[in-house]
Amino acid sequence: MAVQPAVLAIIGPTAGGKSALAMAVAERLDGEILSVDSMQVYRGMDLGTAKPSFAERGAVRHHLIDQVEADETFTAARFVETADGVIAEAGARGVPLIAAGGTPMYFKALFHGLFEGPGADEAVRERLRAETGEALHRRLGEVDPEAALRIHANDQRRLIRALEVFELTGRPISELQTTWEAPLDRHPAVWVGLTWDRSELNRRINLRVRQMVEAGWIEETRRLMERFGGLSATAAEATGYRLWIDHLGGRIGRDDAIEQIKIATRRLASKQIKWFRRFPDVHWLDGAAPVETNAEAVIALWRTARGEG
RNA sequence: ACGCCAGUAGCUCAAUUGGCAGAGCAGCCGUCUCCAAAGCGGCAGGUUGGGGGUUCGAUUCCCUCCUGGCGUG
């Protein structure tokens with residue numbers, strides 16, 4: 001007998017209606033939502049990350065939102081650890097869990113697993129960061145030729161990680177990394193994706209960016225800056241916040257910032273689409289269809305997979 | 001109307017005294033295993049505003065027209 005899925009995964013590009021669909025499905029299945037989003041984990045970064053409202057969070061329980069302060073660091077590994085706990089606990093209660101979000105890396109890590117290895121070591125990284133990419137690449141070539149072949153000499157971030165793993169374990173990273181070609185089966189799940197016509201999605205992105213600004217995104221950034229003085233390196237990677245920090249510092253005009261945010265968001269959507277379309281066994285639905293229609297289709301898939309015909 | 005400045009890739013700009021027209025950003029493709037809304041690699045992109053002239057050779061010098069900006073009337 002096949003394993004009954006305990007998770008319903010909803011993937012798709014930003015501004016594509018994942019949250020609305022997840023809400024609709026969660027309400028009908030009496031389920032809870034697991035946010036698979038690398039930026040909604042930061043407290044106070046609400047408007048810019050399109051975080052669900054307090055009303056929505058009151059109606060349906062959300063997990064993996066507001067995990068740390070905006071001046072702290074959050075990682076894929078920490079996401080997996082926390083999400084594993086949420087899935088186990090919801091499973092024990094018999095509650096359906098809807099994993100929805102736009103961070104492909106987190107989906108990969110959660111359902112495929114990260115390799116067993118050492119975590120980040122800031123001291124080691126700091127030391128390696130001082131070296132040139134060429135020096136790092138040469139050194140990696142000596143201890144792990146296979147990884148050196150894959151990682152470009154300019155890709156300092158990955159060179160540092162590979163050398164960090166070698167220093168900490170004495171084993172090459174290429175030997176430790178498990179294959180990501182296998183099915184995404186760490187947690188049995190039903191996979192649903194939303195597809196979009198690109199120009200239609202771009203229209204939605206432009207509209208949403210404008211709405212976020214009108215809702216007070218710049219003020220939100222100002223509050224974070226007053227509170228922390230700056231965002232952590234990871235939090236600052238969120239689209240938009242860095243532009244607003246520059247805007248508040250008088251380095252860029254409001255309209256220019258908005259334009260750049262629209263561009264960055266379009267690029268984000270493009271990258272998400274490219275990652276997600278390689279995920280196996282996804283039931284793709286038209287994102288432009290009414291939420292009710294898609295919710296019904298998703299619930300039907302879910303019931304079938306669970307043998308609840 | 002006259003004078004000055006500018007016009008080069010979708011955008012912002014480069015191009016030694018005339019010598020194969022380049023870069024950043026955007027776009028497209030790819031990559032991604034503890035920072036991933038990040039990072040990295042690649043590709044494509046032009047009748048140099050139009051027309052004429054000088055020259056072996058013009059984005060560059062000359063003439064003319066067009067467009068935009070500034071100044072004076």
Side-chain angles (χ1 to χ4, degrees), chain A residues 13-16 18 35-42 45 48-51 68 70 72-83 101-122 124-126 128-129 133 136-137 144 146-147 149-162 164-165 168-169 172-182 184 186 198-199 202 205 208-209 212 231-244 252 256 259-279:
Chain A
T14 188
K18 294 183 300 292
S35 164
V36 185
D37 188 297
S38 63
M39 294 302 159
Q40 290 185 356
V41 298
Y42 298 105
M45 291 171 63
T49 64
K51 211 177 271 180
V68 296
E72 295 179 89
T73 295
F74 198 83
T75 65
R78 182 154 171 201
F79 171 80
V80 173
E81 193 186 322
T82 314
T103 304
M105 169 70 172
Y106 281 16
F107 273 108
K108 277 275 197 187
L110 179 59
F111 288 91
H112 223 137
L114 296 166
F115 69 92
E116 295 289 328
D121 186 323
E122 260 319 304
V124 174
R125 290 187 181 189
E126 188 113 8
L128 294 173
R129 257 196 288 270
L136 295 171
H137 195 247
D144 187 352
E146 194 184 325
L149 212 60
R150 274 207 331 267
I151 305 172
H152 193 275
N154 289 347
D155 195 350
Q156 205 182 30
R157 197 178 275 204
R158 256 165 273 278
L159 289 172
I160 288 174
R161 173 59 181 160
E164 173 187 51
V165 168
L168 265 29
T169 65
I173 192 171
S174 60
E175 187 182 297
L176 293 166
Q177 286 177 337
T178 55
T179 174
W180 263 11
E181 301 306 314
L184 302 161
R186 263 184 92 239
R198 203 55 161 275
S199 54
N202 287 346
I205 287 170
R208 191 169 78 166
V209 169
M212 286 158 113
L231 304 175
S232 70
T234 43
E237 287 174 354
T239 299
Y241 287 92
R242 188 175 293 156
L243 269 314
W244 293 130
I252 183 174
D256 285 345
E259 212 42 49
Q260 287 195 36
I261 289 171
K262 287 179 184 171
I263 290 168
T265 308
R266 263 181 259 142
R267 272 173 41 129
L268 165 62
S270 167
K271 284 180 81 166
Q272 289 170 316
I273 289 167
K274 283 172 191 167
W275 264 88
F276 284 139
R277 72 180 164 212
R278 280 192 302 252
F279 278 35

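By convention in this document, chain letters (A, B, ...) are assigned in the order of the sequence lines, proteins followed by strands, and residues within each chain are numbered from 1.
Between the CG atom of A:Leu231 and the C1' atom of B:C35 there is a distance of 14 Å, given to the nearest Å. Residue A:Phe74 contributes atom CZ, which lies 16 Å from atom C1' of B:A38 at whole-angstrom precision. Rounded to whole Å, the distance from CE on A:Met39 to P on B:C35 is 12 Å. Distance CD1 (A:Ile160) to C1' (B:G39): 11 Å, rounded to an integer number of Å. With rounding to whole Å, A:Glu259 atom CD is found 14 Å from B:C11 atom P. Regarding A:Tyr106, its OH atom lies at a distance of 9 Å from the P atom of B:C35, rounded to whole Å. At whole-Å resolution of the value, CG in A:Asp256 and P in B:C11 are 16 Å apart. If you take CG of A:Asp121 and C1' of B:C34, they are 12 Å apart, rounded to a whole angstrom.
A:Gly240 comes within 4.0 angstrom of nothing in the nucleic acid, heavy atoms only. At a threshold of 4.0 angstrom between heavy atoms, the contacts of A:Thr73 with the nucleic acid are absent. Counting any heavy atom pair closer than 4.0 Å across all strands shown, A:Phe79 reaches no nucleic acid atom.
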*Taking it one step at a time, do A:Gln177 and A:Arg150 satisfy side chain to side chain contact (heavy atoms under 4.5 Å, CB included)?*
CA-CA 13 Å; A:Gln177 286 177 337; A:Arg150 274 207 331 267; 3.0 Å; yes

_Set out, in order, the CA-CA distance, both residues' side-chain angles and the distance that settles side chain to side chain contact (heavy atoms under 4.5 Å, CB included) for A:Tyr241 and A:Met39, then state yes or no._
CA-CA 11 Å; A:Tyr241 287 92; A:Met39 294 302 159; over 6 Å; no

*Given side chain to side chain contact (heavy atoms under 4.5 Å, CB included), test A:Ile261 with A:Met212 step by step and report yes or no.*
CA-CA 11 Å; A:Ile261 289 171; A:Met212 286 158 113; over 6 Å; no

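The gap from the P atom of B:U67 to that of B:C25 amounts to 36 Å, rounded to the nearest Å. When the C1' atom is used for both B:C43 and B:U47, the distance is 23 Å, rounded to whole Å. Taking the P atom of each, B:G24 and B:C32 are spaced 24 Å apart, rounded to whole Å. Atom P of B:G18 sits at a distance of 40 Å from the matching atom of B:G27, rounded to the whole Å. Comparing B:G10 with B:A44, their C1' atoms are spaced 13 Å from each other, to the whole Å. Taking atom C1' on both nucleotides, B:G7 is separated from B:C13 by 13 Å, rounded to a whole Å. Comparing the P positions of B:A6 and B:U60 gives an interatomic distance of 13 Å, to the nearest angstrom. Comparing the same atom, P, in B:U48 and in B:U8 gives a spacing of 12 Å after rounding to whole Å.
Comparing B:U33, B:C35, B:A36 against the side chain of A:Ala120 picks out B:C35 as the nearest.
Of the possible polar contacts, one joining the A:Lys51 side chain to the A:Met45 backbone as a donor-acceptor pair under 3.5 Å is found. Listed for the A:Gln40 side chain is a donor-acceptor partner under 3.5 Å among the backbone atoms of A:Ala50.
Partners of A:Arg266 by salt bridge (Lys or Arg N to Asp or Glu O under 4.0 Å), not counting sequence neighbours: none found. Partners of A:Asn154 according to the side chain to side chain contact (heavy atoms under 4.5 Å, CB included) rule, which considers only residues two or more places apart in sequence or in another chain, are A:His152. Under the rule for a salt bridge (Lys or Arg N to Asp or Glu O under 4.0 Å), the partners of A:Asp155 that lie at least two apart in sequence or sit in another chain are A:Arg158. Qualifying side chain to side chain donor-acceptor pair (under 3.5 Å) partners for A:Arg267, counting only residues two or more places apart in sequence or in other chains: none. For A:Phe276, the ring-ring contact (aromatic ring centres under 6.0 Å, His included) partners at least two apart in sequence or on another chain are A:Phe107, A:Phe279. Residues passing the side chain to side chain contact (heavy atoms under 4.5 Å, CB included) test with A:Arg161 are A:Phe115, A:Arg125, A:Glu164, A:Val165, A:Ile173, sequence neighbours excluded. With sequence neighbours excluded, no residue satisfies salt bridge (Lys or Arg N to Asp or Glu O under 4.0 Å) with A:Lys18. Not counting sequence neighbours, the partners of A:Glu122 by the salt bridge (Lys or Arg N to Asp or Glu O under 4.0 Å) test are A:Arg129.
When each of A:Leu114 and A:Met212 is assigned the nucleotide of RNA chain B with its nearest heavy atom, A:Leu114 is the one assigned upstream, toward the 5' end. Summary of the strand contacts: A:Glu237 and A:Ile173 both lie near RNA chain B, and taking for each the nucleotide with the nearest heavy atom, the more 5' one is attributed to A:Ile173.
When the side-chain nitrogen and oxygen atoms of A:Arg125 are compared with OP1 and OP2 of B:C35, one or more of them lie within a distance under 4.0 Å.
One distance of note links CZ of A:Arg278 with NZ of A:Lys108; it measures 7.5 Å at 0.5 Å rounding.
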Please tabulate the protein-to-nucleotide N/O contacts below 3.5 Å involving nucleotides 41-44 of chain B, giving atom names and distances.
unit_1 : atom_1 : unit_2   : atom_2 : d
B:G41  : OP1    : A:Asn154 : ND2    : 2.5

Under 3.5 Å, which protein N or O atoms sit close to an N or O of nucleotides 22-27 of chain B? Give each pair with its distance.
unit_1 : atom_1 : unit_2   : atom_2 : d
B:A26  : OP1    : A:Arg267 : NH1    : 3.2

Please tabulate the protein-to-nucleotide N/O contacts below 3.5 Å involving nucleotides 29-32 of chain B, giving atom names and distances.
unit_1 : atom_1 : unit_2   : atom_2 : d
B:C29  : OP2    : A:Lys274 : NZ     : 3.1
B:U31  : OP2    : A:Arg278 : NH1    : 2.6
B:C32  : O3'    : A:Arg158 : NH1    : 3.0
B:C32  : N3     : A:Trp275 : NE1    : 3.1
B:C32  : N4     : A:Trp275 : NE1    : 3.0

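Ring geometry, A:Tyr42 versus A:Phe74: the interplanar angle exceeds 60°, so the pair is classed perpendicular (tilted spans 30 to 60°).
Between A:Arg208 and A:Thr14, the side chains place a donor N or O and an acceptor N or O closer than 3.5 Å (distance only, hydrogens not considered).
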*Using Watson-Crick and G-U wobble pairs whose two distances are both under 3.5 Å, how do you write the pairing of RNA chain B as dot-bracket, with | for links to another strand?*
(((((((..((((.....[..)))).(((((.......))))).....(((((..]....)))))))))))).

